[in-house]
Each structure stands twice: as C-alpha cells, then as structure tokens.
Amino acid sequence: QVQLVESGGGLVQAGGSLRLSCAASGRTFSSYAMGWFRQAPGKEREFVAAITWSGDGTSYADFVKGRFTISRDNAKNTVYLQMNNLKPEDTAVYYCAARRFRSSVPDGSRYDYWGQGTQVTVSS
C-alpha cells in the first residue's frame, strides 16, 4: 500500500512558477512509476507528466512541454513537478499517482494509487 500526499499548490500570477511535491509512504516507492494529472472544473482528468521508477525516462503532455519538469528523489520518497510560465488554463487540481510497474504511462486508469490533490490557481 502506498499513500501519496501532494503539496505546493497555491495562487500565482500568469507567468509565475510553482513546484509541486508528492510525498509517498512505503518502502517500495523506488520501484513505482509516478505520474501527475490534473482536473479543471467541468473537465475530465488529464495527463500532465510521468516518470519511470529510476527517473531516467519522462514524458509530458504537449501542452506542458518546455514549461513543466517532472523529477523524483527516491531517497526522499518524493516526486516533484516544477511548473514555469504558468497560464490561466493551467488552473486545476493536480494529483500525483503511483503505478506498480517501473515504466510510466499517460493513462490514468493504469495507476494504482492516488493522492488527494492540490489546487493550483493561475490568475491573468
């Protein structure tokens, strides 16, 4: 069992930056692929970024490429999402998720554990 707790969300002006963190419990964190997803009001959840168990492979949604960076520190059981040049359309609740496999995928249905989410609001 893995428990995930996100932090780092908040209110920021367009063009600003935030770094989200996701702290995981459990001794097997380093063997899980991790992902970040988001859900805006009235919209479906969508994939943002993912990272393999070792951190040597990352993938991003097209709308965040060049602006967001996913990383992980297995010694700290934590995955991060650095978000730069934020836009109002990035406003959403951001969730981290863990997958009991080493490879990362953009399909949220293939993740086994989810955090409660952290709100990110970008003002124009």
> Restricting to pairs with a member in residues 53-89, which pass disulfide bond (SG atoms under 2.5 Å apart), not counting sequence neighbours?
Replying inline: none
> For the atom pair CD (E6) and OG (S21), what is the distance rounded to the nearest 0.5 Å?
Replying inline: 10.5 Å
> Between N84 and S17, which heavy-atom pair has the shortest distance, and what is it?
Replying inline: OD1-OG, 2.9 Å
> If Ile, Leu, Val, Met, Phe, Trp and Tyr residues are connected whenever their side-chain heavy atoms lie under 4.5 Å apart, and connections chain through other members, are F29 and V105 in the same group?
Replying inline: no
> Hey, any chance I51 and L18 share a hydrophobic cluster, counting ILVMFWY side chains that come within less than 4.5 Å of each other, even indirectly?
Replying inline: yes
> What pair of heavy atoms forms the shortest contact from S30 to W53, and how long is it?
Replying inline: O-CE3, 3.2 Å
>> Whether D112 and R100 form a salt bridge (side-chain N of Lys/Arg under 4.0 Å from carboxylate O of Asp/Glu) is what I want to check.
In response: yes
> Relative to Y95, does R45 satisfy both conditions: NZ or CZ under 6.0 angstrom from the six-membered ring centre, and within 45 degrees of the ring's axis?
Replying inline: no
>> With a 4.0 Å cut-off on N to O distance, would you call D107 and R110 a salt bridge?
In response: no
> Can you tell me how far the CE atom of M34 sits from the CG atom of N74, to the nearest 0.5 Å?
Replying inline: 9.5 Å
>> Tell me whether E46 at atom CD has more than 12 heavy atoms from other residues, nucleotides or ligands lying less than 6.0 Å away.
In response: yes
>> Quick check for you: to the nearest 0.5 Å, what is the distance between Q1 atom CD and Y113 atom OH?
In response: 5.0 Å
> Closest approach of P88 and A14, non-hydrogen atoms and distance?
Replying inline: CD-CB, 4.1 Å
> Passes side-chain contact (heavy atoms from CB on, under 4.5 Å), L20 versus M83? Steps please.
Replying inline: CA-CA 8 Å; L20 305 184; M83 306 186 295; 3.7 Å; yes
>> Between V12 and W36, is there shared hydrophobic-cluster membership here, with clusters defined by ILVMFWY side-chain heavy atoms closer than 4.5 Å?
In response: yes
>> Between D73 and T78, do the side chains contain a donor N or O and an acceptor N or O under 3.5 Å apart?
In response: no
> Stepwise, does the side-chain contact (heavy atoms from CB on, under 4.5 Å) test hold for R102 with Y32?
Replying inline: CA-CA 5 Å; R102 295 187 171 187; Y32 288 10; over 6 Å; no
> Do R67 and D90 touch side chain to side chain, with heavy atoms closer than 4.5 Å?
Replying inline: yes
> What about Y80 and V48, same hydrophobic cluster or not, with Ile/Leu/Val/Met/Phe/Trp/Tyr joined at side-chain heavy-atom distances under 4.5 Å?
Replying inline: no
> Which heavy atom of T52 sits nearest a heavy atom of S103, and at what distance?
Replying inline: CG2-CA, 4.4 Å
> If only atom types and distance count, is the side chain of T121 paired as donor or acceptor with the main-chain N or O of L11 below 3.5 Å?
Replying inline: no
> Can you name the side-chain hydrogen bond (donor to acceptor under 3.5 Å, both in side chains) partners of T58, sequence neighbours left out?
Replying inline: none
>> Counting only heavy atoms not in Q119 (residues, nucleotides, ligands), do more than 12 fall under 6.0 Å from its CD?
In response: yes
> Are the aromatic rings of W114 and F37 close, with centres under 6.0 Å apart?
Replying inline: yes
> Do you know the tightest heavy-atom contact between C22 and L4?
Replying inline: SG-CB, 3.9 Å
>> Is it the case that the side chain of S25 and the backbone of Q3 share a donor-acceptor pair, with hydrogens and angles ignored and the cut-off at 3.5 Å?
In response: yes
> Please walk me through it: do V79 and I70 pass side-chain contact (heavy atoms from CB on, under 4.5 Å)?
Replying inline: CA-CA 7 Å; V79 63; I70 188 171; 4.0 Å; yes
> Could you state the interatomic distance from CZ (F68) to CG (L86), rounded to the nearest 0.5 Å?
Replying inline: 5.0 Å
> Do R38 and Y94 have side-chain atoms, one donor and one acceptor, less than 3.5 Å apart?
Replying inline: yes
>> Quick check: is Y60 connected to Y111 through a chain of hydrophobic side chains (ILVMFWY, heavy atoms under 4.5 Å apart)?
In response: no
